[in-house]
Amino acid sequence: ALRAILGRELGCDPRALAFEEGVHGKPHLAGAQRGALHFNVAHSGERGLIAVARAAPVGVDVEQMRPLEEIAQLAERVLGAAEHARWLALDAPRRHLEFYRQWTLKEAILKACGAGITQTLADIGAERGPLEAPELLRDERGAPRRWSVFQMAAAPGYCAALATQDPGRPILAARTWSGSSSLSP
């Protein structure tokens, strides 16, 4: 599906696309198409999510919201101190949703900058932007990069988010696909 989408956006044969990995494993286009598009892919359970942008890096995450016995321990590691205090004040069903909401927002930011989960999620304040962000979320001068982060509508039982450095609200288009490379609106 990724090759089909990128090929369509670039007006080329999807099979001719070449890919490389960045320092922390984020794939990007190589060869003649290097830098032509930014993209990111996420999948969980039965769902997948692909983001494509021309102007700025993008990151997406989708998570199937399954019950987690160790959610309290995970929340301590994933949420910053203020986020964790707010999380503890919620009832159990809302805690479950909020944990996944925070996880997807933070992971989308890390994936956009190419870090993946190489950084501590608790160091990223997804709600307020990366004010005290890890090194990879800073520019060459050490200043925090500006990120736009969006919670996305997802299928029932899933949570999804998108992060980009593009300051405008992204245009979102949903597509479904089967095991073949053909896409349908």
Margin query: Within this structure, what is the NE2-CH2 distance for the pair His96 and Trp87, rounded to the nearest 0.5 Å?
Written below: 10.5 Å
Check: If you draw a 6.0 Å radius around CD in Glu69, do more than 12 non-hydrogen atoms from other residues or ligands fall strictly inside?
Finding: no
Notebook entry, point to check: For Ala72 and His84, which heavy atoms make the closest approach, and how far apart are they?
Noted result: O-NE2, 4.5 Å
Margin query: For Arg101, is there an ion pair with Glu98 - N to carboxylate O distance below 4.0 angstrom?
Written below: yes
Item checked: Point-to-point distance, once rounded to the nearest 0.5 Å, from CD1 of Ile109 to CG of Asp61 -> 11.0 Å
Item checked: Distance, nearest 0.5 Å, that separates OG1 of Thr104 from CG of Leu162 -> 10.5 Å
Check: Looking only at heavy atoms, what is the nearest atom pair of Pro57 and Ala112, with distance?
Finding: CB-O, 3.4 Å
Margin query: Restricting to non-hydrogen atoms, name the atom on Val62 and the atom on Ser44 that form the minimum distance, rounded to 0.1 Å.
Written below: O-CB, 3.3 Å
Check: Side-chain contact, heavy-atom cut-off 4.5 Å: Phe39 with Leu29?
Finding: yes
Margin query: Is there a side-chain contact between Lys106 and Glu83 in this structure, where contact means two heavy atoms from C-beta onward sitting under 4.5 Å apart?
Written below: yes
Item checked: Beyond-backbone contact of Phe99 with Leu68, side-chain heavy atoms, under 4.5 angstrom -> yes
Item checked: Test item: Leu37 and Leu6 side chains (from C-beta on) under 4.5 Å apart, heavy atoms -> yes
Next item on the list: Find out whether Cys159 and Gln151 are in side-chain contact, i.e. whether some heavy atom of one side chain is under 4.5 Å from a heavy atom of the other.
Entry: yes
Checklist line | Student check: side-chain heavy atoms of Ile50 and Val52 closer than 4.5 Å | finding: yes
Check: Heavy atoms, side chains only, cut-off 4.5 Å: are Cys12 and Leu17 in contact?
Finding: yes
Checklist line | Closest approach of Arg47 to Ala155 (non-hydrogen atoms, all atoms of both residues) | finding: NE-CB, 3.3 Å
Check: Would you say the side-chain atoms of Thr164 pair up with the backbone N or O of Val58, donor to acceptor, closer than 3.5 Å?
Finding: no
Note to self: With salt bridge (charged side-chain N to carboxylate O under 4.0 Å, His left out) as the rule and sequence neighbours excluded, what pairs involving residues 9-25 come up?
What the structure shows: Glu9-Arg54, Asp13-Arg15, Glu20-Arg34
Margin query: If you define the side chain from C-beta out and look only at heavy atoms, does anything of Tyr158 sit under 4.5 Å from Met65?
Written below: no
Checklist line | Leu10 side, atom CG; Ile5 side, atom CD1 - distance, nearest 0.5 Å | finding: 11.5 Å
Notebook entry, point to check: Which heavy atom of Leu88 sits nearest a heavy atom of Arg95, and at what distance?
Noted result: O-NH2, 2.7 Å
Notebook entry, point to check: With no hydrogens and no angle check, is any side-chain donor or acceptor of Tyr100 less than 3.5 Å from a backbone partner on Arg66?
Noted result: yes
Margin query: How about CD on Glu70, more than 12 heavy atoms from neighbouring residues, nucleotides or ligands closer than 6.0 Å, or not?
Written below: yes
Checklist line | Working for side chain to side chain contact (heavy atoms under 4.5 Å, CB included), residues His38 and His28 | finding: CA-CA 7 Å; His38 301 274; His28 57 86; over 6 Å; no
Notebook entry, point to check: So, does Asn40 use its side chain to make a donor-acceptor pair with the main chain of Val60 at under 3.5 Å?
Noted result: yes
